[in-house]
Each structure stands twice: as C-alpha cells, then as structure tokens.
Amino acid sequence: MKALSWLALGALCIAAILAPRFADAGVLRLAAEILLAVSMAQMWNLLAGYNGLMSLGHQLFVAIGAYTLFEVTRRMGIAPWWALPLTGLAGALAAALLAPALFRLREAYFAIGLWVFAEIGFLLVSKSPQLGGTGGGGLEMSAIEDLESFQGICFWIAAAIGIGTPLAVRALMGSRLGLALLTVRDNELAARSIGVDVWRVRFIAFTASAFGCSLAGAVYYMGGMFVTPDSAFDINWVVMMMFATLIGGIGTITGPIVGVLVWYTLRELLVTGFGLQGGWYLIGMGLVAIAASLFAPQGIWVPLHRGLTTRLGPRRRVNRSIQA
C-alpha cells in the first residue's frame, strides 16, 4: 500500500506540472479550487479531528488571507505570489490574538464564539471603504509581467499547497507534538497529568490551522482576481470543510481528501447535471450527509480503507508463498 501511495503521489505531481500545458482555463480553475479545498479541509481536520476543537468560523481566516493579499499587493506594488507568506502569517496572528478569549470556551461554545468573530470581521470589512466596502475590490496586476502565464502559476501554487498540506499534517501527526494533540483530544485531564501543556498544544494547532486556511484563501482569490466580503466571509467555506472532513473521515489524513472529492462531484452533478440551484442543491448535499452518517458514521474512507487492506493483504501473502 505504501508503494502504491508513493506512486500515486508521483503521478499526481507530474500531472500537476503538466496540466497548464494541456488543460484550459476553466479546468485549471476547478482543479485549483479542489486542491485548495483539500488544504482547507485538512486544516479544519487538524483542529477538530486531531485536537477536538470544532469550528464554525474558519471563513474568518479565508477572508483574512484574501484581504491581506489584495492590500499588500496594492500598497507595495509587488506580484501577488510574493505576498503569500504574509497572508498565512496574518491568519496565524489573528488566531493568536483570539486564542486567549476562545480557549476559555468549550465544545459548541468555542465553535459559536469563532463564528461570532467571523461575523464581526464581515461587518468591519463591509463598512470599510479602504477595503472596498460591500463591493469588494480587484487584484493589483501592474507588477505581473506575463499575464498569459498568470493562471498557470496560480494553479501550480494551488497544487503545491493542496499536495503539500496532507504531507505536512502526516509528518506533524508522526511527531511528539502530534501525539500530544491526540492525547489532549482524547482526555484533557489525563494529558495534564502526564505533563502535556494543553494550552500550548491547542495554541499551536489553532494558529497552524489558521495559517493554512489563510494561505489557501489568498491563493483562491488570487486566481479569481476579485474579492468581496460576501464571498470571502461566506459560511459555505466552513460548511465545505465540515462536510468533507465528516463525510470522508474525521481524524484521518485521507478522509478529508475523499470528502472534498465527494463534495465537488456532487456539486457538479447536482448543479451542472441536474440543474439544481439554491435550496435544492443544499438539500441534496444534506441528504447525502444524512445517508453517510447513517451507513458510514466513521466516514467513507474508514470502511473503504479496511476493505482495500483486506483485499490486498491476502494477495501479498499468496505472492510471497508462490515466490518461496
């Protein structure tokens, strides 16, 4: 299975490198959106699945990343990709400032508290003429020398983030910090009793999650070249993260990836294939979520992975016996 995973990863990287040469702008935009959604879902899963802190306000960090990118490029006159590290840092800084207040809350109160801060951010940006108000604003493009290759560069950055984020989370969960995260999630009192600094562990997970979501949000709106408060602070961002993580398998690396693929497949099928819009589209998503909760409460990936392991395991044993 590990060999197959590395082979699939290599094939994905090669496909990402070659995609701008063969795919049109619409396909590249959709692929970039899916890759960035994978990154966002992984960041939500890092906080909820590995640290036990559910969030309803991660759209705040998506918006912070987007508006930081647009303001930095406008004020400094630089190409937008040079400002991307600042977008992640801005999200992490916002999380660090909110942490002392939010960490006093537990479970649903934490989730609602972060959502309240997201709504406050929406109101502040909407009423700020310097940020474009309710009408939003466009991306400063004067520093970009080759406009024809701009979408290709945006896709490559999105691919690097979408592929790199699961690998980074996997490396983190294999470290001592990852073990501490799981200990805090499973039993906070027991974690304290063995010397784990619960506040510090949660702070690192929260700021890292905010950093990743802000970076992904900035790249998304860089590709779109326009941002408004309604879209950047849209609660559908966190709905997508929750849906992908819970349907795919919370507390797993592959689960959110599977969940994102399910989300976008259903979206294209319901909206493009059946022409469902607005409430009907959301009702369709809700029915799928209910069915998955009833028949696969641990997520789609857990039974799928168990089935693949069961099928491939005996084959490997038979092959070894034949070779012997």
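The first residue in the sequence is number 1, and the count goes up from there. Not measured: the values here are computed from a predicted model.
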Query raised in the report: Hydrophobic clusters join Ile, Leu, Val, Met, Phe, Trp and Tyr when side-chain heavy atoms are under 4.5 Å apart, directly or via other members; which others share one with Met173?
Result: Met43, Leu46, Tyr50, Val169, Leu172, Leu177, Leu181, Leu182, Val184, Ile194, Val196, Val198, Val201, Ile204, Ile253

Ignoring hydrogens and geometry, is there a side-chain-to-backbone donor-acceptor pair from [X] to [Y] under 3.5 Å?
X      : Y      : answer
Asn51  : Ala205 : no
Trp156 : Ile17  : yes
Tyr221 : Ala232 : yes

Query raised in the report: Residues in side-chain contact (heavy atoms from CB on, under 4.5 Å) with Tyr109, at least two apart?
Result: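 With sequence neighbours excluded, Tyr109 shows a side-chain contact (heavy atoms from CB on, under 4.5 Å) to Leu105, given in chain and number order.
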
Query - Test side-chain contact (heavy atoms from CB on, under 4.5 Å) applied to Leu84 - qualifying residues, sequence neighbours left out - result: Leu69, Trp81, Thr87, Ile157, Leu215, Ala218, Val219, Met222

Surrounding [atom1] of [X] (heavy atoms of other residues, nucleotides or ligands, distance under 6.0 Å), is the total greater than 12?
X      : atom1 : result
Met76  : CE    : no
Arg200 : CZ    : no
Gln298 : CD    : no

Requested in this report: Verify whether the ring centers belonging to Tyr220 and Trp237 lie closer than 6.0 Å.
Outcome: yes

Query raised in the report: Should the pair His58 and Phe206 be assigned to parallel (<30°), tilted (30 to 60°) or perpendicular (>60°) ring geometry?
Result: tilted

Query - Geometric class of the Phe203/Trp199 ring pair [parallel <30°, tilted 30-60°, perpendicular >60°] - result: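 Parallel.
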
Query - Qualifying ring-ring contact (aromatic ring centres under 6.0 Å, His included) pairs, either residue in residues 160-196, two or more places apart - result: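 Residue pairs passing ring-ring contact (aromatic ring centres under 6.0 Å, His included), neighbours aside: none found.
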
Report task. Go through the structure and list residues passing ring-ring contact (aromatic ring centres under 6.0 Å, His included) with Phe155, not counting sequence neighbours. Result -> none

Query - Counterpart residues, ring-ring contact (aromatic ring centres under 6.0 Å, His included), relative to Phe117 (two or more places apart) - result: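 Expected list: none.
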
**Report entry** Side-chain donor-acceptor contact under 3.5 Å, Asp234 with Ser231
**Finding:** no

Query - SB check Arg192 Glu188 (cutoff 4.0 Å) - result: yes

